[in-house]
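First the structure, in the form of structure tokens, and then the observations on it.
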There are 2 protein chains.
Amino acid sequence: MPKAKFETIYKDLKEKIEKEEYTFQDLLPSENTLVDIYSCSRNTVRRAIALLAEAGYVQSQHGKGVRVIYQPTPQTAFTIGGIESFHESAIRNHKIPFTKVIQFAEIHTDNRIAQKTGFPLGSEIYYIQRVRYLDDTPLIFDINIFLKSEVPGLTEEICRHSIYDYIENTLHMHIVTSKRQIKVQKSTEIDEEYLDLTDYHVLAVVTSQTYNANGVQFEYTESRHHPDYFCFHDTATRKHI
Amino acid sequence: MPKAKFETIYKDLKEKIEKEEYTFQDLLPSENTLVDIYSCSRNTVRRAIALLAEAGYVQSQHGKGVRVIYQPTPQTAFTIGGIESFHESAIRNHKIPFTKVIQFAEIHTDNRIAQKTGFPLGSEIYYIQRVRYLDDTPLIFDINIFLKSEVPGLTEEICRHSIYDYIENTLHMHIVTSKRQIKVQKSTEIDEEYLDLTDYHVLAVVTSQTYNANGVQFEYTESRHHPDYFCFHDTATRKHI
DNA sequence: GCCGATTTGTCCGTATGTATC
DNA sequence: CGATACATACGGACAAATCGG
């Protein structure tokens, strides 16, 4: 729910672009015109435009205007991008998600896990393994490690549904920053057991470290994706600094 | 070269964080203190902080301060992220780049290419295939397609070095936005011929569509990465809109 | 639990610079 | 050249979160 004015304007313009009210290669109304439309200051309009640019919807051109560079994508594969839970992605892609919990353990970090996750040695953690299905096809083998001190009260039942939903709506913790890495790795026995990899023997592996609003890293996750259904997308802007 | 004040402040703070003058989990000086340090307005400080947050260096906390969440990474693999040319990445990773041009052709888009690239049917294009080496190891098979109208005068010689360098420093074109997609694909014969894939039969494929300052898509690129040396990283921030 | 100081978040109005047409 | 458009920067106001006394 946007309450800030600039978020409302962002959302409104974004919808207009998606509905092709402003279409590809059009110029948006000038900033001063938008000031009149939304009765706000130019700064506020500019914040909204900055968000649109970051999301790859528009591009500002000095002296000319703000050009729309959004083109509707042919919703095919299951795409990821941004910080999004599996459930959220599934809904956005119009698919039915299902989660099977393979392991749910409460343990302490040993040397290997501390190294890998960046959590202090000996921290209390939840160690979770899950298989994610979309329309009955196993897509992802997920390994989630949560700091128990930051995410208390996690249960196997919650893991069957959405952990992010629990974190945000029950614990009221704000997820802010996520650092991600994408690699290609050879499959392990456990990958082969749960994902139907056929003649592939590799996976796309997304590891992420997520920080909450207190700047504490509370999560380390390794998402091991079936190569056929892995599609990551993002929009980058060139910084001249 | 930063000339804008907020870019200078950004760069300065970034360097201080990288040199661990401000270290992980520290709070930066308050915005009002930074206003005094850099003798500028609070808005300007806040823009610099916004850039740092976007780059995953800091995270603001309402009522508390701005927390440093940067941790030095062990420069191991060849990492990509942001909009960066192969040459720039190589230098950042302290490696020696080498490029072999396999094909350099001036053709028109046919149906298949028009579909794939998003260029109009019949456009004049440069079609380029290159193999990228790092310290004598072939890492990437690159297919670049450039709109001739936007990138005139491209030669095989330029392709052996840096096309981006030519675009930005000779043509003075500004690269702004890039939309990327990462997938895993089975290798083709030509991949096997030029990359030493051993027992892998897949690659990490990064396709990107790049727009210049006029909002015109001038490039379509398919970078086919050897799985062992592929590492993509980024920092995402959760939007609550 | 309240209050006040500090800190970040949002928003406004204005001035000036610079690119495009 | 002037009009229009975006870019940068300043200063001020108030809101909201945090923390210490």
Side-chain angles (χ1 to χ4, degrees), chain A residues 1-11 13 22 26-54 57-69 172-174 176-177 212-216 237-241, chain B residues 1-11 13 22 26-54 57-69 172-174 176-177 212-216 237-241:
Chain A
M1 274 306 190
K3 56 174 183 184
K5 210 179 264 191
F6 74 94
E7 288 176 353
T8 314
I9 297 172
Y10 163 73
K11 205 181 151 195
L13 288 173
Y22 303 123
D26 275 2
L27 291 181
L28 290 187
S30 80
E31 293 178 354
N32 284 320
T33 311
L34 292 172
V35 163
D36 293 338
I37 293 176
Y38 294 105
S39 15
C40 64
S41 76
R42 205 177 135 221
N43 273 333
T44 306
V45 164
R46 284 179 60 74
R47 284 192 72 173
I49 291 174
L51 285 182
L52 289 170
E54 207 191 327
Y57 277 66
V58 302
Q59 196 171 277
S60 292
Q61 293 170 237
H62 199 159
K64 284 186 174 174
V66 178
R67 176 142 283 139
V68 176
I69 58 167
H172 301 294
M173 184 165 86
H174 289 295
V176 178
T177 309
N212 64 19
N214 293 320
V216 179
T237 51
R238 176 104 163 149
K239 302 282 190 294
H240 297 277
I241 304 183
Chain B
M1 273 308 193
K3 55 175 185 186
K5 208 179 265 192
F6 74 93
E7 288 176 352
T8 314
I9 298 172
Y10 163 73
K11 207 182 150 194
L13 289 173
Y22 304 122
D26 275 2
L27 291 181
L28 290 187
S30 82
E31 291 178 358
N32 284 320
T33 311
L34 292 173
V35 163
D36 293 338
I37 292 175
Y38 295 103
S39 13
C40 64
S41 74
R42 204 179 135 216
N43 272 334
T44 306
V45 164
R46 283 179 62 74
R47 282 192 72 171
I49 292 173
L51 285 182
L52 288 170
E54 206 190 325
Y57 277 67
V58 303
Q59 196 170 277
S60 292
Q61 294 171 236
H62 198 162
K64 282 186 173 175
V66 178
R67 175 143 284 138
V68 176
I69 58 168
H172 301 294
M173 184 166 87
H174 289 295
V176 178
T177 309
N212 65 18
N214 294 319
V216 179
T237 51
R238 176 105 163 150
K239 302 281 189 295
H240 297 276
I241 302 180

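A, B, ... follow the sequence lines: proteins, then strands. Residue 1 opens every chain.
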Nearest heavy-atom pair of [X] and [Y]: which atoms, and what distance?
| X | Y | answer |
| --- | --- | --- |
| B:C40 | B:V45 | SG-CG2, 3.6 Å |
| A:L13 | A:Y38 | CD2-OH, 3.6 Å |
| A:Y22 | A:P29 | OH-CG, 3.6 Å |
| B:A48 | B:I9 | CB-CG2, 3.7 Å |
| B:S60 | B:I49 | OG-CG2, 3.8 Å |
| A:L27 | A:K64 | CD1-O, 4.0 Å |

Could you state the [atom1]-[atom2] distance from [X] to [N], rounded to the nearest angstrom?
| X | N | atom1 | atom2 | answer |
| --- | --- | --- | --- | --- |
| B:N43 | D:dA7 | CG | C1' | 13 Å |
| B:E31 | D:dG11 | CD | P | 15 Å |
| A:R46 | C:dT10 | CZ | P | 17 Å |
| B:L27 | C:dT6 | CG | C1' | 12 Å |
| A:R42 | C:dG17 | CZ | C1' | 11 Å |
| A:R67 | C:dA19 | CZ | P | 18 Å |
| B:N32 | D:dG12 | CG | P | 12 Å |
| B:L34 | C:dG9 | CG | P | 13 Å |

Exercise. Any side-chain N or O of A:T44 less than 4.0 Å from the OP1 or OP2 oxygen of C:dC12?
Worked result: yes
For this session: Indicate, with a heavy-atom threshold strictly under 4.0 Å, whether B:R47 touches base, sugar-phosphate, or nothing.
Result: sugar-phosphate
For this session: Quick one: do A:T177 and B:I69 satisfy side-chain contact (heavy atoms from CB on, under 4.5 Å)? Show the steps, please.
Result: CA-CA 9 Å; A:T177 309; B:I69 58 168; 4.0 Å; yes
What N/O pairs connect the protein and nucleotides 15-21 of chain D at under 3.5 Å? Give each pair on its own line.
| unit_1 | atom_1 | unit_2 | atom_2 | d |
| --- | --- | --- | --- | --- |
| D:dA16 | N3 | B:H62 | NE2 | 3.1 |

Exercise. Which one, D:dC10, C:dT10, C:dC12, comes nearest to the side chain of A:F6?
Worked result: C:dT10
For this session: Return the nearest nucleotide to the side chain of A:S30; candidates are C:dC12, D:dA5, C:dT8.
Result: D:dA5
Seminar exercise, completed: For C:dT6, the nucleotide meeting Watson-Crick or G-U wobble distances (both under 3.5 Å) is D:dA17
